[in-house]
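Everything below concerns the one structure shown next.
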Amino acid sequence: MCGICGFTGYRQDQKIVIEKMMKAIVHRGPDSEGSFCRDEITLGFRRLSIIDPTDGLQPMDSNDGNLHIVFNGEIYNYKELRTEAEADGISFHTHSDTEVLVNTIQKYGEKAFDKLRGMYGFAVWNEKEQSLMLARDFFGIKPLYYAKIDGHFVFASEIKSILAFPGYERKVNQEALEQYLSFQYSPLEETFFRGIYKLMPGHMLLYKNGNYEIKTYFKAKLAPRLLGSKKDLEQLQFQLSRILTDSVRHHMLSDVEVGAFLSGGVDSGYLAVASGVKQAFSVGFDEGELYNEVDKAAEIAKKAGIKHHVRIISKQEFWDALPDVMYHMDEPLADASAVALYFLSKEAADHVKVVLSGEGADELFGGYNIYREPEALKKIAWIPFGVRRVIGKLAAKLPDVKGRDFLIRAGMKVEERFIGNAYIYREKEKVQILKNKVTGPSTQEYLRPFFEELESENRGSLQDMEKMQSVDLSYWLPGDILQKADKMSMAHSLEVRVPFLDKEVFDFAAKLPKEAKIAAGTTKYIFRKAVSEFLPQETDERKKLGFPIPIRVWLRQDDWYQMVKELFTSKEAEEFFHTDKLLLLLKEHKEKKADNSRKIWTVLTFLIWYDRFFATCSK
C-alpha cells in the first residue's frame with residue numbers, strides 16, 4: 001500500500017514540488033520514497049512495504065523501458081499474471097506485483113483491466129506517446145484525485161497532496177456542501193475543493209497534449225436470475241462458500257503478517273476465522289451494551305484461538321480526534337463510525353501492517369435492514385398508490401410519532417424515497433439552514449439519470465430492493481464505506497484489504513435473486529448460510545447493527561452541548577448557515593423533543609473540516 005502523486009509539464013522546481021507533494025502523504029508510505037523527473041512528467045511515490053519489501057521500489061519501468069508507473073494497491077492474481085508474462089518471454093527483476101502490473105499494461109493496454117484482480121489507483125506514463133493514464137479499481141477501494149493547475153495536470157492519492165502544488169487557490173464547492181447535507185458525503189466528481197476532482201470507481205483517465213478524456217471500464221451492475229428450487233439455493237450456497245474461500249486465500253498474499261478487524265458480526269467474524277489470522281482488533285465505548293460489541297467479538301476470537309486486542313474509546317478522546325480525522329478524510333464525512341475506525345486502525349497498526357475487513361458484504365449480499373422495507377410495504381400494496389401518496393403527504397404534517405415515517409415512505413416510489421443508507425436533510429430543510437441559495441439539483445434530481453439508466457438497461461426487471469442495492473453499490477459504498485476505510489487506515493500506515501469486494505465474488509453476487517438475499521426474516525440469507533460453519537450460531541443469526549456510536553447520548557450532555565454550541569455560533573458557521581436554525585436543532589435534541597443527532601453531526605463535521613483546511617490555514 002502506498003501513496004502516489006505527480007504532474008505533467010516542465011518546471012524548474014519540479015523536484016522541490018514533488019517532494020512537497022510526497023511529504024503531504026508520508027503517512028500512506030513511511031517506509032521509503034521515490035521520484036521520477038523528465039521534461040514532461042514528474043512522478044512521486046511513498047511506500048508501505050507489503051510485498052517484496054526489498055526490491056519493489058517505485059516508480060518502476062516496464063520491461064521495454066517505455067512505461068513508468070506509480071501504483072497504490074495490491075494485485076492479488078499477480079503470480080498467475082507473472083506466469084503468463086514469463087511464458088511470453090518477459091523477464092522480471094523483482095518479485096513485486098507492481099512489475100507485473102506495468103508489464104500487463106504494456107502488453108494489453110486498456111484491456112489489461114479485464115486481467116486484474118485487486119484494488120488500485122495508479123498512474124502510467126507512456127514515454128513514446130507522451131501520454132498519461134490514470135485508473136481506479138472496480139469498486140473504488142483506493143482513491144485517486146486530479147486537477148488542472150496553471151497548465152499542469154496534477155494527480156495524487158489524496159487531495160492534500162494536490163493542495164501542496166503551487167498555484168492552487170482553495171475555494172469551497174458549494175454544490176458539494178448541498179449534496180453532502182443529504183447524503184452525509186459528497187457524491188459529486190468535483191470534490192469539496194473547487195477544481196479538484198475524484199476519478200470515479202471503474203474509470204480510467206487518458207491525458208495527452210493538454211487534454212484528457214475519461215472512460216468507464218467497469219460498472220457494478222446487478223443481473224439477478226430466477227431461483228428454480230430449494231436445491232438451486234443449496235447449490236448456490238456451495239458455490240458461494242468456494243468463491244469466498246478462494247478470495248480470502250488471494251487476499252492473504254503478503255510478505256508481512258496479516259490481521260483482521262473484528263466487530264462481533266457475521267462479516268468480520270467469518271474473515272477472522274476463515275483466514276487463519278493470529279491477531280484481531282476491536283473497539284468499543286463505555287456507554288452500555290448498545291455501543292459495545294467487544295464481548296461478542298471476544299467470543300469469536302476465543303473460539304478461533306485468535307489473540308484479541310481491544311481499545312475502549314472515551315468521549316473526550318473521540319472529540320479531540322475530530323480535527324485529525326477530518327484532515328485525513330480530505331473531504332467532510334458525517335459518518336461517526338469513521339472516528340471509531342480511526343482508533344481501530346491506530347490500535348491495529350501497533351501490531352500489524354495489513355488487516356482484513358468486511359466492507360462490501362452488505363452491498364453485495366443485501367445486508368442492510370432497509371432492504372427489507374419493500375417487503376413491508378407490500379402489505380399495503382392493495383391500497384391504490386394515489387391514495388397512499390395523499391396519506392403520506394398528510395402524515396408528513398404530523399409530529400414525529402411511531403409509524404409516521406412508514407406512511408410517508410409508503411406514498412413514495414423507491415426513486416423518490418431512497419438515496420442510500422443515509423438521508424440526513426430533506427430539500428426544504430437544506431433551504432432553511434443554508435445561508436446561500438441552493439443552486440444545485442435536489443438529491444432526487446441528481447440520482448434521476450442513474451435510476452433512468454437502471455430502468456433502461458434492465459427493462460424494468462429490477463425489484464425495488466435491487467434498485468436500492470444498485471444505488472448503494474455505486475454511491476454509498478465508494479462515497480462513505482470505502483472512503484473512510486482507506487483514509488482512516490492509511491492515517492496510521494495500515495493497509496486494509498476487503499475480500500468481499502473481489503471481482504470473482506461480485507460476478508457471483510450480481511446474479512443472485514432477491515430470495516437468496518432477503519429470506520426467512522433476515523438479511524444476507526445465502527451469505528449467512530455459506531459462512532455458518534465458521535461461526536457460532538448466535539453470531540450467524542445476529543441482526544445487522546452497523547457500528548453504533550453514542551453521539552446521540554453525548555450531544556445531550558452539557559460538555560458536548562456547549563462545545564457544539566460554540567461551533568454553531570462561530571463566524572465560520574455564520575458564513576454558511578443560518579445559525580439560529582442550527583441552535584434550534586441543538587436545543588430540541590438536548591431537551592429530547594427530537595433526535596437531531598445526525599443532522600447536528602453532519603453540520604458539525606463540515607465545520608471542523610472547514611476550520612482544518614480553510615480557517616486555520618488563513619490565520
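On a predicted model such as this, the values are computed, not experimentally measured, just so you know.
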Strictly distance-based, threshold 3.5 Å: is any side-chain N or O of H250 a donor or acceptor partner for the main-chain N or O of N77? no
Using the ring centroid of each side chain, check whether F138 and F506 are separated by less than 6.0 Å. no
State, yes or no, whether a side-chain contact exists between Y371 and D362 at a heavy-atom distance under 4.5 Å. no
Worked verdict on Y475 versus F450 for ring-ring contact (aromatic ring centres under 6.0 Å, His included): CA-CA 10 Å; Y475 294 94; F450 178 81; 5.2 Å; yes
Audit row: L134, Y212, side-chain contact (heavy atoms from CB on, under 4.5 Å) steps and yes/no: CA-CA 10 Å; L134 305 183; Y212 66 85; over 6 Å; no
With a 4.5 Å heavy-atom cut-off, do L81 and K115 have their side chains touching? yes
E455 vs K467, test: salt bridge (Lys or Arg N to Asp or Glu O under 4.0 Å). Steps then yes/no. CA-CA 9 Å; E455 195 73 15; K467 292 179 182 178; 3.4 Å; yes
Less than 6.0 angstrom separating the ring centers of F192 and F613, yes or no? no
Less than 4.5 Å apart, side chain to side chain, heavy atoms only: is that true for S357 and L271? no
Holding to side-chain contact (heavy atoms from CB on, under 4.5 Å), I want the full list of residues that pass it with Q237, two or more places apart in sequence or in another chain. I526, K529, A530
Sub-3.5 Å donor-acceptor pair from the side chain of S470 to the main-chain atoms of E466, do we have one? yes
Donor-acceptor pair, side chain of K198 and main chain of I159, under 3.5 angstrom: no
Please check if the side chain of K208 supplies one atom and the backbone of M133 the other of a donor-acceptor pair under 3.5 Å. no
How many angstroms lie between OH in Y78 and NE2 in H95, if you round to the nearest 0.5 Å? 9.0 Å
Is Y207 reaching over with its side chain to a backbone N or O of T8, donor-acceptor style, under 3.5 angstrom? no
Flag the pair D472 / F418 as yes when at least one side-chain heavy-atom distance between them is below 4.5 Å, and no otherwise. yes
Do F7 and M21 have side chains that get closer than 4.5 Å, going by heavy atoms? yes
When every non-hydrogen atom of A272 is compared with those of V277, the smallest separation belongs to O-CG2, 3.5 Å
Sequence neighbours excluded and cut-off under 3.5 Å, please list the side-chain donor-acceptor pairs for residues 216-226, or say none.
residue, atom, partner, partner atom, Å
T216, OG1, H203, NE2, 2.9
Y217, OH, Y120, OH, 2.8
Y217, OH, R136, O, 2.5
K219, NZ, E453, OE2, 2.3
K221, NZ, E457, OE2, 3.4

Donor-acceptor under 3.5 Å (S268 side chain, S263 main chain): yes
Approximate separation, where rounding is to 0.5 Å, of L244 CG and F365 CZ: 5.5 Å
Do other residues, nucleotides or ligands put more than 12 heavy atoms under 6.0 Å from the CD atom of E445? yes
Mind jotting down which residue pairs meet the ring-ring contact (aromatic ring centres under 6.0 Å, His included) criterion with at least one end in residues 14-36? Sequence neighbours excluded, please. H27-H328, F36-H68
Please assess L253 against E74 for the test side-chain contact (heavy atoms from CB on, under 4.5 Å), listing each intermediate value before the final yes or no. CA-CA 9 Å; L253 288 174; E74 305 287 354; over 6 Å; no
Compare every heavy atom of L101 with every heavy atom of I69, then report the nearest pair and how far apart it is. CD1-CD2, 3.7 Å
Salt bridge (Lys or Arg N to Asp or Glu O under 4.0 Å) partners of residues 237-248, not counting sequence neighbours, each pair once: R117-D246, D246-R249
Rounded to the nearest 0.5 Å, how far does NZ of K484 lie from CD of E359? 7.5 Å
Nearest 0.5 Å, please: how far is CG in L132 from CD1 in I41? 5.0 Å
Any side-chain heavy-atom pair from F122 and Q58 closer than 4.5 angstrom? no
Are there over 12 heavy-atom neighbours, none belonging to K160, within less than 6.0 Å of that residue's NZ? yes
Please check: side-chain N/O of T104 versus main-chain N/O of A112, any donor-acceptor pairing under 3.5 Å? no
side-chain contact (heavy atoms from CB on, under 4.5 Å) assessment of Q483 paired with M329: CA-CA 8 Å; Q483 177 92 326; M329 282 304 311; 3.3 Å; yes
Can you see which heavy atom on F261 is nearest to which on S345, and at what distance? CZ-OG, 3.8 Å
Please examine the side chains of D330 and T191, heavy atoms only from C-beta on, and report whether any two atoms are closer than 4.5 Å. no
Please answer whether the main-chain N or O of I75 pairs with a side-chain N or O of D97 as donor and acceptor at a distance below 3.5 Å. yes
Between the side chains of D486 and R28, is the shortest nitrogen-to-carboxylate-oxygen separation below 4.0 Å, so that they form an ion pair? yes
Any chance you could measure S456, atom OG, to F451, atom CZ, to the nearest 0.5 Å? 15.0 Å
Between the main-chain N or O of Y197 and the side-chain N or O of E190, is there a donor-acceptor pair closer than 3.5 Å? no
Honestly, is R497 close enough over Y76, meaning NZ or CZ under 6.0 Å from the six-membered ring centre and within 45° of the axis? no
Sorted by first residue and then second, give each side chain to side chain donor-acceptor pair (under 3.5 Å) pair with at least one member in residues 144-157; sequence neighbours left out. Y145-K487
With side-chain hydrogen bond (donor to acceptor under 3.5 Å, both in side chains) as the criterion, how do N63 and Q106 come out once you've worked through the C-alpha distance, each side chain's angles and the decisive distance to 0.1 Å? CA-CA 8 Å; N63 190 257; Q106 177 66 44; over 6 Å; no
All side-chain contact (heavy atoms from CB on, under 4.5 Å) counterparts of A274, not counting sequence neighbours: Y270, F534
Step through the shown structure and confirm whether more than 12 heavy atoms of other residues, nucleotides or ligands are within 6.0 Å of CZ on F92. yes
K278, NZ: over 12 other non-hydrogen atoms inside 6.0 angstrom: no
Tell me the closest heavy-atom pair linking I4 and A123, and the distance in Å. CD1-N, 4.1 Å
Please step through side-chain contact (heavy atoms from CB on, under 4.5 Å) for the pair T523 and I518, ending with a clear verdict. CA-CA 5 Å; T523 59; I518 304 295; 4.0 Å; yes
What are the two closest heavy atoms between K142 and G121, and how far apart are they? CB-N, 3.8 Å
Supply the atom-to-atom distance S489 OG to L341 CG, rounded to the nearest 0.5 angstrom. 7.0 Å
Please indicate whether K79 has more than 12 foreign heavy atoms, meaning atoms of other residues, nucleotides or ligands, lying under 6.0 Å from its NZ. no
Hey, does L364 have a side-chain heavy atom less than 4.5 Å from the side chain of L473? yes
N/O donor-acceptor pair under 3.5 Å between N66 side chain and N126 backbone: no
State which residue, out of R47, R46, K353, fulfils the salt bridge (Lys or Arg N to Asp or Glu O under 4.0 Å) condition with D31. K353
Got a salt bridge between E99 and R82, using NZ or NE/NH1/NH2 to carboxylate O under 4.0 Å? no
